[in-house]
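Note sheet for the following structure.
From a predicted model like this one, the values you see are computed outputs, not experimental measurements.
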Amino acid sequence: MTDRILEVDNLSVKFGDTTVVDGVSFYLNAGEIVALVGESGSGKSVSALSVLQLLPYPQASHPSGSIVLGGEEMLGASKADLQAIRGGEVGMIFQEPMTSLNPLHTVGKQIGETLRVHKGLTRRESRSKALGLLERVQLPDPNGKLDAYPHQLSGGQRQRVMIAMALANSPKLLIADEPTTALDVTIQASILELLKELNRDMGMAILMISHDLGIVRRMAGRVYVMNNGKVVENGPTEQLFTKPEHTYTNHLLNSRPSGRPAPLLKDNNEIVSAEDLQVGYNIGKGWFGKSEQFIAVQPMSFSVSAGETLAVVGESGSGKTSLGLATLKLIPSSGRICYLGSNIQDLKPAALKNLRRNMQMVFQDPYGSLSPRLTVRDIVAEGLSVHERHLSPAEVDARVVEALEEVGLEASWMSRYPHEFSGGQRQRISLARAQVLRPDFIVLDEPTSALDMSVQSQIVDLLRELQQRHQLAYLFISHDLAVVRALAHRVMVMKEGVVVEQGDAEQLFERPQTAYTQALLDAALLPED
């Protein structure tokens, strides 16, 4: 008989008077990988956090349900029992390791703490065990990383530390909540391979929470699809992917960004170009007081024409964002930067200020880039107050309404604040803020990475529509190659500040010329056309 590790039956969760999980049931057997999938707000993370009673009680409550873990009922379990289970029988990997790790303690201390709590090891014993765990999760220089703080590690390294902590006490069940969302594709692939290896070698069951169906298909044996707090469909992974029965499952499967950008018009004007552009950051003083520099972007050249998207891809630290900021003259750089053929590198601040209206930026995190204290009207109108002061309040309102409607938002929402909108709606507000000034060049820095796939697809469609209508030139920065393929005419691949390959998007996707580009494509899990 198969060992049942976890059985959730008719689970409901309320926050105050609002039901967020309604009658959810699922189970895991020993050594099995099962996925809960759905868009943001579907209830998948809340269901998983309920297993370890990690919700904000007493605001959260369970009107109904049962959670049996290893034969023991978790709902109503004592604090002592829960403490023994958390990090003991059950490990947890959270979505954002930087906020889950204590910034004041070293990696070794944080891993050692869970070993001392659950196994009573001495400091010396726990440090030795922690070193073994870091080696097991293939962290580079594990001995050196023991005394490092979280901020000194990359995103992929922090996630490996989280996995090491979760594995410290050889759990029977690992709950992985979006464990690779914030990671580059190559790092994501290595983390997923590590999880499969641990599942295979340790016989550890894994409950994976994800909105990325490519990952789910690669990892899970069975899938539960959630929507509006309910399980709408479940079954073996291949069956669910090839013969989905529920309309929502079909919606998820068809929501990955697709299509291609519109063909370029002939003889389009060159909007922005750069020649021998280099970006460096001062990192302190060297011998004889001379400043030392870290070169984030080695000398490189590019151009973008009206109606064209040039995508810049590469892993974290490759120099993508530095390139985008330098192109807009938001950070110092050397070399030539031309707008409509004129070198803007040495422009005076007043002249550069006038140019800003034509060269805009949309940031990765729509919530962090929007002031929580301003209404949507004031956020979108902010640029007009700087660049078009002659407009009357009524004219400003008219321009704001035009910009909002153009990105698919309602004019009646002008008086609302950013926290009242979903992630996709906030990104539309960011686009409206840029578009209200009617620019001809926009730098898009990972504008879809924080969004569900169906929302990503909507934003990609919107960007293509805006580009065609206004012949916008985009510099599109991303590590998501599915989005890049749907938007880009040309692609520039960067690694450690160097452009290793560039060319026509279709040719690069079909016939990459470098091993690094091929590795990115292999790790991206791109669907067949």
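Closest heavy-atom contact between Y417 and P372: CD2-O, 3.5 Å. Listed here is the closest heavy atom pair of T237 and R217: CG2-CA, 3.8 Å. Closest approach of S457 to S255, counting heavy atoms only: CB-O, 3.1 Å. In plain terms, the two heavy atoms of R158 and L153 that are nearest each other are NH1-O, 2.6 Å.
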> Under the side chain to side chain donor-acceptor pair (under 3.5 Å) criterion, do T122 and E125 qualify, and how do the steps go?
Replying inline: CA-CA 5 Å; T122 65; E125 290 170 336; 3.3 Å; yes
> Are S66 and D9 close enough, and set up right, to give a side chain to side chain donor-acceptor pair (under 3.5 Å), and what steps lead you there?
Replying inline: CA-CA 5 Å; S66 168; D9 183 45; 5.9 Å; no
> After noting the C-alpha distance and the side-chain angles of D22 and T19, does the key distance pass the side chain to side chain donor-acceptor pair (under 3.5 Å) rule?
Replying inline: CA-CA 7 Å; D22 187 6; T19 299; over 6 Å; no
> How far apart are the C-alpha atoms of T106 and D147, what are their side-chain angles, what is the distance that settles it, and do they pass the side chain to side chain donor-acceptor pair (under 3.5 Å) test?
Replying inline: CA-CA 5 Å; T106 64; D147 296 316; 5.0 Å; no
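For the pair R4 and Y27, the distance from NZ or CZ to the six-membered ring centre is under 6.0 Å and the angle to the ring normal is within 45 degrees. The cationic atom of R222 (NZ for Lys, CZ for Arg) does not lie both less than 6.0 Å from the six-membered ring centre of F26 and within 45° of the ring axis.
N10 and S25 are not linked by any side-chain donor-acceptor pair at a separation below 3.5 angstrom, with hydrogens and angles left out of the test.
I175 is not listed as a side-chain neighbour of M208, based on a closest heavy-atom distance of 4.5 Å or more. Contact of the V107 side chain with the Y149 side chain is not registered, since no non-hydrogen atoms from C-beta on lie closer than 4.5 Å. Residues R485 and P257 form no side-chain contact, since every pair of their non-hydrogen atoms from C-beta on lies 4.5 Å or further apart. Residues V223 and N234 fail the side-chain proximity criterion, which asks for heavy atoms closer than 4.5 Å. Within the 4.5 Å cutoff, the side chain of L11 has no heavy atoms near those of the S64 side chain.
E406 CD: more than 12 foreign heavy atoms inside a 6.0 Å radius. For Q152, the CD atom is densely surrounded, since the number of other residues' heavy atoms within 6.0 Å is greater than 12. Within 6.0 Å of the CZ atom in R136, the count of heavy atoms belonging to other residues, nucleotides or ligands does not exceed 12. Within 6.0 Å of the CD atom in E72, the count of heavy atoms belonging to other residues, nucleotides or ligands does not exceed 12. Crowding of K172 atom NZ: a count of heavy atoms from other residues, nucleotides or ligands under 6.0 Å not exceeding 12. In the displayed structure, E7 atom CD is contacted under 6.0 Å by more than 12 heavy atoms of other residues, nucleotides or ligands. Within a 6.0 Å sphere centred on CZ of R116, other residues, nucleotides and ligands contribute more than 12 heavy atoms. More than 12 heavy-atom neighbours from other residues, nucleotides or ligands sit within 6.0 angstrom of CG on N199.
Under a 3.5 Å cut-off, the side chain of S430 and the backbone N or O of R426 do form a donor-acceptor pair. Under the 3.5 Å distance criterion, the side-chain polar atoms of E178 are matched with a main-chain donor or acceptor of H211. Checked by atom type and distance alone, the side chain of N254 pairs as donor or acceptor with a backbone atom of N250 at under 3.5 Å. Distance alone, capped at 3.5 Å, places no donor-acceptor pair between the K14 side chain and the A60 backbone. Listed for the R428 side chain is a donor-acceptor partner under 3.5 Å among the backbone atoms of V407. A side-chain donor-acceptor contact under 3.5 Å links D480 to the backbone of A482.
Each of L195, V90, L198 was checked for a side chain to side chain contact (heavy atoms under 4.5 Å, CB included) with L174, and the lone residue meeting it is L195.
Salt-bridge check for E238 with K243: failed, with every basic side-chain N at 4.0 Å or more from each acidic carboxylate O.
In this structure, CG in L404 is found 7.5 Å from CD1 in I429, a value given to the nearest 0.5 Å. For the atom pair L115 CG and R123 CZ, the distance stands at 12.5 Å (nearest 0.5 Å).
Between H246 and Y248, the two ring planes are perpendicular [angle over 60°; tilted spans 30° to 60°].
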